[in-house]
Amino acid sequence: MSVTADAANAVTEPAKVPTTAEIRQSLPLVTVRGLRVDYGETTVLDGVDLDLFPGETVALLGASGSGKSTLMRSLTGFAPISAGTVRVAGHDVTNLRHGQLRTLRSDVGQVFQQFNLIPRLSVLTNVLTGALHGAGPFNLVGGFTGAQRRRAMELLDRVGIAYKASEPARSLSGGQQQRVAIARALMQRPRLILADEPVASLDPKLADSVLSLLRSIAAEDGIPVLVSLHVLPLALAHSDRIVGLRHGEMVVSDATSRLDAGVLATLYDEEDRDDDDR
Ligand SMILES: Nc1ncnc2c1ncn2[C@@H]1O[C@H](COP(=O)(O)OP(=O)(O)OP(=O)(O)O)[C@@H](O)[C@H]1O
Ligand SMILES: [Mg+2]
């Protein structure tokens, strides 16, 4: 396949999104029940129930401080779980045995607002670092196999940016860097992708194209993608289901096509906020 500069700027064609019925025929890859997270005296998540099914893109909404990042962190063992159960790709996150934490984290591809690339390294090497997940303390000098390099190039092609492979990551625009970060996550062969505000630093057109890309990956690779967003229209346009947190409780969980904007607006109501939050 030839790769042109246009490919990176093109808005990705919507993937054939699996129907809710198709999705629900599979077992959930993530099952969260009665999750509670406390930081000191503060309860940050309380009674959260969540299932994520292979192939679906779920938008996670909620005001700042409602617990979106904490929920994502709880799926990879980075949050202190006080109560409830969290199962991710067969791992019991509340009761991980020795060595399982590394396996869990290598099963979960993560995409962040600030891309988290290594600026001075080439785009290709940044993608290759995704292969080091689960490999222990890593050594870039050790080199990568030919098969790994070919796969990294294929993934860069898939995200429309192979023509930048040898450029240093710092020379890319934000939208391009986020595509590299997505390719890096795919290099892990993830069973789940968590994207915490992946488009908050991008202009609206690039935001659309990055979210379309994530949704097509969910549908084509049959993995759940959980993506936190602050922009309602983006969530409505690019998700199969929306879950909404309010003060750490899950108050919305429904198919995107069934939700109306009024329900979603309650996530951002200032009324009956705790005094502490004002
Ligand atoms: N490591 C921590 N120690 C103490 N409190 C924390 C910690 N991490 C998060 N919190 C608190 O937990 C609450 C939820 O934070 P979280 O980062 O999950 O919110 P968020 O929904 O992701 O917000 P934003 O939209 O601003 O990213 C906040 O009140 C925050 O101060
Ligand atoms: Mg956050």
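For ligands, and for the atoms within them, numbers begin at 1 and follow the listed sequence.
- Under 3.5 Å, the side chains of T266 and R246 contain no donor-acceptor pair of N or O atoms.
- The contact set between ligand 1 and G67, taken as ligand atoms under 4.0 Å from a residue heavy atom, comprises 14 (C), 18 (O), 19 (O), 20 (P), 21 (O).
- With a 6.0 Å cutoff to the six-membered ring centre and a 45° limit on the axis angle, R105 counts as a cation-pi contact of F78.
- Residue contacts with ligand 1 for V44 involve side-chain atoms from C-beta outward but no N, CA, C or O (heavy atoms, distance under 4.0 Å).
- At least one N/O/S atom of S69, from backbone or side chain, sits under 2.8 Å from the Mg ion (ligand 2).
- Heavy atoms of M72 stay at 4.0 angstrom or farther from ligand 1.
- Counting only non-hydrogen atoms, the option in S64, S74, G65, A79 that gets closest to atom 29 (O) of ligand 1 is G65.
- If you number the atoms of ligand 1 from 1 as listed, the ones under 4.0 Å from a heavy atom of R73 come out as 8 (N), 9 (C).
- For atom 6 (C) of ligand 1, a protein heavy-atom neighbour is present inside the 4.0 Å cut-off.
- Near A63, meaning under 4.0 Å from any of its heavy atoms, are these atoms of ligand 1: 21 (O).
- Side-chain contact check for D46 and H247: no donor-acceptor pair (N or O, by modelled atom type) lies under 3.5 Å.
- The closest approach between S66 and ligand 1 falls below 4.0 Å for a heavy atom of the residue.
- A salt bridge (charged side-chain N to carboxylate O under 4.0 Å, His left out) with D221 is found for one member of R191, R215, R189, R158 and no other, namely R158.
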